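Below is one structure; the comments refer to it alone.
Because the structure is a prediction, the values reported are computed rather than measured.
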Amino acid sequence: MTTETRTTGFWGDAWRRYRRRPLAVAAAAFVGGLVLVAILSPAIAGTKPVLCRYKGRIYAPCLAYFARDLEPAIFARDRFRGTYPRNLVEKDPESWAVWPLVFQDPYRSVRADEWPGLPANPARDEGRPSRRNLFGTDQAGVDVFAKMVHGTTIALLVGFVSMGIAGTIGVAVGAVGGYFGGWIDMLTSRITEIVMCIPTLVLILAVIAVIEKPTIWHTMAIIGATGWTGIARLTRGEFLRLKESEFVLAARAAGAGPARIMLRHILPNALAPVLVPITFGIASAVLLESSLSFLGFGPPPPTASWGSILNDARSNLAMWWLVVFPGIAIFLTVLAYNLIGEALQESTDPRLREARK
Amino acid sequence: MATYLARRAIFGVLTLVVITCFVYGLARNMPGTPLTVQLGETDPSRRFNPEDLERMKRIYGLDRPWPVGYAQWLANVVRGDLGRSISRKQPVATLIAERIGPTFLVSGTALVVAWLAAIPLGLYASARSGRPDERLSSLVLYVLYSFPTFVAALFLQIIFAVWLRGTAWELPLFGMSDVPPDAPSLVRIGDVARHMILPVTCQTYVSLAYDSRFVRANLEEAVRQDYIRTARAKGAGPWRVLFRHAFRNTLIPLVTLLGLSLPGLLGGSVIIEQIFTWPGMGRLFFESIRERDYPTIMGLTLMFSVLTLAGQLLADILYCAVDPRVSVE
């Protein structure tokens, strides 16, 4: 009775348990690292300066890698045509620039002497990994390291956007079905079962074929629109269980409407078990996107996705570096999300918690 | 039991109608038709002239709107006719019959190998739970579980077909057989077996990792039950407790999982069959989407959906069969 007992909330408690698992912490750090790489991608690899002073003003041409319109118009007017190093010096001897760590472009091959003294990228099957091209180059001479750094954004977005969609649909469908019961539950359960029965890849391939110009956003939307069934079933189960509990009765007695009870009272209590399938869903969304790109159903060519690099490798397997680097990146990402999901499950599930005391 | 089955059957048929209607609508709305996609892409001079195209469209019933086409397809299916493939000029049923054997060969072998290895692995993992050797093997299995199949397939292809080319370990990259069909049957079997090694390995390792984790999770759940404590108290040895008392009670979820793996058994894996150009169902589906071959797409969708529904039903019925406490009602 000497120490005062400090009570921690449910999430604080879960975080304490999560931290005890070194692999899960490493996995979370890995995903954090991917986010950093994605945000900093133009500063890691690119051919446009991160910051430069040109004709008296400071610009950040590297933002063009996020959206083409962000490239300052002055460089198009002065006919830079994407080649900065030479043009900057020639057109304004006073200029200075901060360059990305690696001078390589994810969308095109670097030409000879584009950077003073730097030779052209090797093309066809000669682009083994070297000091200049860390992960080698593909058939067209494009640097694989730059492609992968810029593909990180896609790998992250695919997981979060598609599971954001799937989570919203799944929680909504499951919550409505579980809370109201009766014929509504019957209807939502049937719909869930029907969507479950359609083979996912079949549906996705068919929908992508229907869209005239599929972009990566379409792929994410489709993965999200088909991947919600597991989440819906779990949410339904949680709502069925929780709607009988006393705090719901108390809320109802206090005059709360169904929407308020579902969102403010039941959902926060059902969130932990629902987060687990969402995390595993992120892993499978990443996997699905890369296998679609691998099958040639990915985003159109200039967009760099890890799976599409693998697709390039199929025509010449002797170029092992086109398989090993993106393959390991996809693998590590999927592994990280799976580890996070499992740790979440074990640190938030009270049954498992008691068993592992 | 009969009413239960009847209810499930009615819902099943309704589900099938919704799914096939949806997929038919999707397929008919893909850009291009089987008549234009296939010929136009290979050689512009071989495109049909407009009158011929209209005539062909009429013959295949593509000039009418898709709901009419769907009704026609449904009516034929009810009479037991899956239609004829437009791009392959063969009945869809024949195509499926041709492709189902190779798919079953790979996925059946993979399933048997995976379960034969997964059960001992799961038993071992829960018997030595928490010890360093178990931790290591569980970690390896976990890593395998997260390893994407297509990446593994490419790695295996590079190792066995590129790096080991010319050695005794070289394995074929593509297809199912290289020897002529009139070769002695032993040679042919050996050749197919050599072609099978890589696709079977790819399909086995993921399910092995998943299944053994599943076996282990269920065993750990069973080990916490009261009857295990009773068995231990009566003096049963650790292995006897594990086998006779705990494992037998984990058979229930295993049986369910087995039922749910039915569609994969005959449906095949699109990606693996595509990588290894294995002439199976998954590849047929992929090709039929690219060729806009509506009858084949529909025949395969119907088959996949029937298998999924049958697998779920089978799992539920088996569940009742092995667990007398559960009744289908």
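With rounding to the nearest 0.5 Å, the separation of OG in Ser146(B) from CD1 in Ile330(A) is 13.0 Å. Rounding to the nearest 0.5 angstrom, the gap separating the CH2 atom in Trp320(A) from the CD1 atom in Ile159(B) is 12.5 Å. Note that the OG1 atom of Thr308(B) and the CD atom of Glu193(A) stand 12.0 Å from one another [nearest 0.5 Å].
Annotation for Leu287(A) and Phe150(B): closest pair O-CE2, 4.1 Å, computed over non-hydrogen atoms. When all heavy atoms of Ile271(B) and Ser291(A) are compared, the pair lying nearest together is CD1-CB, 3.2 Å. When all heavy atoms of Phe286(B) and Leu295(A) are compared, the pair lying nearest together is CZ-O, 3.8 Å. Taking each heavy atom of Gly327(A) and Val151(B) in turn, the nearest pair found is CA-CG1, 3.6 Å.
Proximity to chain B (any heavy atom under 4.5 Å) is restricted, for Phe297(A), to the side chain, taken from C-beta onward. Only the side chain of Leu139(B) comes within less than 4.5 Å of a heavy atom in chain A; its backbone stays farther off. Of the atoms belonging to Leu332(A), not a single heavy atom falls under 4.5 Å from chain B. At a 4.5 Å heavy-atom cutoff, Thr333(A) makes no contact with chain B through either its backbone or its side chain.
Between the Tyr142(B) side chain and the Leu335(A) main chain, no donor and acceptor come within less than 3.5 Å of each other.
Note on Val162(B), Val143(B), Thr301(B): by heavy-atom pairs under 4.5 Å with chain A, the leading option is Val143(B). If you tally non-hydrogen atom pairs under 4.5 Å between each of Ile275(B), Ile297(B), Thr149(B), Leu309(B) and chain A, the highest count goes to Ile275(B). Chain A forms the most heavy-atom pairs under 4.5 Å with one residue out of Ile289(B), Ile19(B), Val270(B), and that residue is Ile19(B).
Shown here are the ring pair (Phe, Tyr, Trp, His ring centres under 6.0 Å) partners of Tyr210(B), two or more places apart in sequence or in another chain: Tyr145(B).
Residue pairs that meet the salt bridge (charged side-chain N to carboxylate O under 4.0 Å, His left out) test with at least one member in residues 308-322 of chain A, sequence neighbours left out, are Lys147(A)-Asp312(A).
In this structure, Val334(A) and Phe147(B) have side chains that are not in contact, with every pair of non-hydrogen atoms separated by 4.5 Å or more. Inter-residue side-chain proximity for Phe155(B) and Val324(A) is flagged as met; some heavy-atom pair is nearer than 4.5 Å.
Shown here is Arg99(B), whose CZ atom has more than 12 heavy atoms of other residues, nucleotides or ligands within 6.0 Å.
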